[in-house]
Amino acid sequence: MSEAGDMGLVVVGAAGRMGQTLIRAIHTMPGARVAAAIERPDSAHLGKDAGELAGIGIIKVPIVDDPLPAFAKADGVLDFTAPAASVEFAGYAAQARIVHVIGTTGCSAEDNAKIAAAARHATIVKSGNMSLGVNLLAVLVEQAAKALDADDFDIEILEMHHRHKVDAPSGTALLLGEAAAKGRGIDLADNSVRVRDGHTGVRKTGSIGFATLRGGSVVGDHSVILAGTGERITLSHHAEDRAIFARGAVKAALWARGKKPGLYSMRDVLGLS
Ligand SMILES: NC(=O)C1=CN([C@@H]2O[C@H](COP(=O)(O)OP(=O)(O)OC[C@H]3O[C@@H](n4cnc5c(N)ncnc54)[C@H](OP(=O)(O)O)[C@@H]3O)[C@@H](O)[C@H]2O)C=CC1
Ligand SMILES: O=C(O)C1=N[C@H](C(=O)O)C[C@H](O)C1
């Protein structure tokens, strides 16, 4: 582990959509460097240079498959992979006592409990969306949900993503749902309607509904609709480039460096808590 100077960051899932975007972001942001790049043991990308794959030219960091030696020498990990992988990486980050930034979505309650346990020794920042815009939107959603009575305004959350996305609702939709539930002083799990099909009956007052669209190359669109009688308020965010998530993740790692172990959110990083 380096004591001073640029923060050495391991990018896990380095060949993925976000992995490549992270390599590019680290390259342009002061204070951080790519310490290692990890993919699965059976990945077709092993041995390739992570910078060349990401389109920035050779950075002399080959993609390898063994996280342990990489974590032991690094200051932090940027992780946009898959739930089972993020749980495993959180355990390794705890062993190495380093920063772990987790952007992976679709984690179960059990996965989240394991990540929280790892945060006793690792400094973990986890968020369904690392962008400034979405985290500010969550603050606005909480305020709007608090200001508008549940008897008068129904809350629905609509999201659209590219055709390759594997989890639904998106991590961001759930983050915005949590913000709305907080504003209303209710528990999201007990009040959410995640799917509608067939004869559903009338809408339950106070519920928070989710609708999911998938198609094409959409980076990430989210709208929170507060629908009243005769009027409707829509709070929206449109992600145009994955760089907003990657820059947020690097910023989170730099913020977390030197902080006590624990589980932090992007709201903590951005001072929006
Ligand atoms: N919080 C946020 O701001 C954002 C979160 N995300 C989330 O990030 C995650 C990744 O998204 P995206 O980049 O589009 O997905 P990709 O499928 O393009 O990338 C994931 C990468 O992780 C690799 N991977 C999976 N498991 C392991 C493992 N055990 N060890 C090493 N590498 C592994 C995959 O390899 P392989 O293909 O072989 O499985 C793949 O290369 C998703 O959960 C997504 O929702 C995305 C954008 C922003
Ligand atoms: O899978 C994606 O692409 C994205 N995932 C995150 C989510 O589930 O909300 C963040 C962003 O919307 C892109």
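Order of appearance sets the numbers: ligands from 1, and atoms from 1 within every ligand.
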Asker: When you compare ligand 1 with Arg242, is there at least one nitrogen or oxygen pair between them that comes in under 3.5 angstrom?
Answerer: no

Asker: Which is closest to atom 3 (O) of ligand 1 by heavy-atom distance: His45, Met130, Arg17?
Answerer: Met130

Asker: Distance under 4.0 Å to a non-hydrogen atom of Thr104: what atoms of ligand 1 satisfy this?
Answerer: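 By the 4.0 Å cutoff, the relevant atoms are 43 (O).
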
Asker: Got an N/O contact under 3.5 Å between Gly171 and ligand 2?
Answerer: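 Between Gly171 and ligand 2, an N or O pair is found under 3.5 Å apart.
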
Asker: Is there a heavy atom of Ser43 sitting under 4.0 angstrom from any atom of ligand 1?
Answerer: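 No.
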
Asker: Which residue supplies the protein heavy atom nearest to atom 20 (C) of ligand 1, what is that atom called, and how far is it?
Answerer: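 Of the protein heavy atoms, Phe80 O, 3.7 Å lies nearest.
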
Asker: CZ of Arg196: more than 12 outside heavy atoms within 6.0 angstrom?
Answerer: yes

Asker: For Ile58, does its backbone N or O pair with a side-chain atom of Glu52 as donor and acceptor, under 3.5 Å?
Answerer: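 No: the side chain of Glu52 does not pair with the backbone of Ile58.
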
Asker: If hydrogens are left out, which of Lys165, Glu39, His164, Lys126 has an atom nearest to atom 40 (C) of ligand 1, that is, the closest non-hydrogen atom?
Answerer: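 Residue with the shortest heavy-atom distance to the ligand atom: Glu39.
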
Asker: For the residue pair Lys251 and Trp255, would you count it as a cation-pi contact if the rule is NZ or CZ under 6.0 angstrom from the ring centre and within 45 degrees of the ring axis?
Answerer: no

Asker: Please check: side-chain N/O of Arg247 versus main-chain N/O of Ala25, any donor-acceptor pairing under 3.5 Å?
Answerer: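 Absent.
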
Asker: Are Arg40 and Asp65 within salt-bridge range, i.e. N to O under 4.0 Å?
Answerer: no

Asker: Kindly identify the option in Thr105, Val219, Val101, Val134 whose heavy atom sits closest to atom 45 (O) of ligand 1.
Answerer: Thr105

Asker: Heavy-atom contact under 4.0 Å between Val219 and ligand 2?
Answerer: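 Judged by the 4.0 Å heavy-atom criterion, Val219 does count as contacting ligand 2.
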
Asker: Please state which part of Ala84 comes within less than 4.0 Å of ligand 1, counting heavy atoms only: side chain, backbone, both or neither.
Answerer: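 Neither part.
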
Asker: Going by distance only, is there an N or O of Ala85 that falls short of 3.5 Å from an N or O of ligand 1?
Answerer: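 No; every N/O pair is 3.5 Å or more apart.
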
Asker: For atom 30 (N) of ligand 1, what's the nearest protein heavy atom and its distance?
Answerer: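 Here the closest protein heavy atom is Phe89 CZ, 3.5 Å.
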
Asker: Any side-chain donor paired with an acceptor under 3.5 Å for Ser127 and Asn129?
Answerer: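 The answer is no; no qualifying pair exists.
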
Asker: Answer yes or no: does atom CZ of Arg203 have more than 12 heavy-atom neighbours from other residues, nucleotides or ligands under 6.0 Å?
Answerer: yes

Asker: Identify, by atom number and element, the atoms of ligand 1 in contact range of Gly13, meaning under 4.0 Å from any of its heavy atoms.
Answerer: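 So the answer, numbered in order with elements, is 21 (C), 22 (O), 23 (C), 32 (N).
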
Asker: Got the closest protein heavy atom to atom 9 (C) of ligand 1, with its distance?
Answerer: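 Residue, atom and distance for the closest contact: Thr81 O, 3.5 Å.
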
Asker: Look at ligand 2 and say whether Ala239 reaches it with a heavy atom at a distance under 4.0 Å.
Answerer: no

Asker: Could you tell me which atoms of ligand 2, counted from 1 in the order shown, lie closer than 4.0 angstrom to a heavy atom of Gly128?
Answerer: 6 (C), 7 (C), 9 (O), 10 (C)

Asker: For atom 19 (O) of ligand 1, what's the nearest protein heavy atom and its distance?
Answerer: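 For atom 19 (O) of ligand 1, the nearest protein heavy atom is Gly16 CA, 3.4 Å.
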
Asker: Report the member of Gln20, Arg40, His162 with the shortest heavy-atom distance to atom 36 (P) of ligand 1.
Answerer: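 Heavy atom nearest to atom 36 (P) of ligand 1 belongs to Arg40.
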
Asker: By number and element, which atoms of ligand 2 are closer than 4.0 Å to a non-hydrogen atom of His222?
Answerer: 12 (O)

Asker: Which atoms of ligand 2 are found less than 4.0 Å from any heavy atom of Ser170?
Answerer: 7 (C), 8 (O), 9 (O)

Asker: Is the side chain of Ser43 donor-acceptor paired with the backbone N or O of Glu39 at a distance under 3.5 Å, no angle test?
Answerer: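 Answer holds: no.
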
Asker: Are Val11 and Ile38 close enough, and set up right, to give a side chain to side chain contact (heavy atoms under 4.5 Å, CB included), and what steps lead you there?
Answerer: CA-CA 6 Å; Val11 177; Ile38 308 289; over 6 Å; no

Asker: Using distance alone, determine whether Gly103 and ligand 1 share an N or O pair under 3.5 Å.
Answerer: yes

Asker: Could you pull out, from His162, His164, His161, Lys165, the option with a heavy atom nearest to atom 3 (O) of ligand 2?
Answerer: His162

Asker: Heavy atoms only: give me the nearest Ala14-Ala37 pair and the separation to one decimal.
Answerer: CB-CB, 3.6 Å

Asker: State whether the number of non-hydrogen atoms from other residues, nucleotides or ligands found under 6.0 Å of Lys165 atom NZ is greater than 12.
Answerer: yes

Asker: With under 30° as parallel and over 60° as perpendicular, where do the rings of Phe71 and Tyr92 fit, or are they tilted in between?
Answerer: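 Rings of Phe71 and Tyr92: perpendicular, as their planes differ by over 60°.
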
Asker: Val12: heavy atom below 4.0 Å from ligand 1, yes or no?
Answerer: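 Distance cut 4.0 Å: Val12 fails for ligand 1.
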
Asker: Examine the side chains of His100 and Asp79 and answer whether a donor and an acceptor come within less than 3.5 Å of each other.
Answerer: yes

Asker: Any N or O of Ala82 that comes nearer than 3.5 Å to an N or O of ligand 1?
Answerer: no

Asker: So, 4.0 Å and heavy atoms of Glu159: is ligand 2 close enough to count as a contact?
Answerer: no

Asker: For Gly128, counting its heavy atoms only, list the atoms of ligand 1 lying under 4.0 Å from any of them.
Answerer: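 Counting atoms of ligand 1 from 1, those under 4.0 Å from Gly128 are 1 (N), 2 (C), 3 (O).
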
Asker: Does any N or O in the side chain of Asp221 come within less than 3.5 Å of the main-chain N or O of Met160, such that one atom is a donor and the other an acceptor?
Answerer: no

Asker: Is the closest heavy atom of Ser127 to ligand 1 under 4.0 Å?
Answerer: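 Judged by the 4.0 Å heavy-atom criterion, Ser127 does count as contacting ligand 1.
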
Asker: Just which atoms of ligand 2 are under 4.0 Å from any heavy atom in Thr172?
Answerer: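 Taking each heavy atom of Thr172 in turn, ligand 2 has 7 (C), 9 (O), 10 (C), 12 (O) under 4.0 Å.
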
Asker: Answer yes or no: is there an ion pair linking Arg214 with Glu159, defined by an N-O contact shorter than 4.0 Å?
Answerer: yes

Asker: For ligand 1, which atoms, with element, lie under 4.0 Å from some heavy atom of Met18?
Answerer: 13 (O), 46 (C), 47 (C)

Asker: Okay, side chain of Ser207, backbone of Lys204: is any donor-acceptor separation there less than 3.5 Å?
Answerer: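 A pair under 3.5 Å: yes.
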
Asker: Counting only N and O atoms by type, is there a donor-acceptor contact under 3.5 Å from the side chain of Asp111 to the main-chain atoms of Ser108?
Answerer: yes

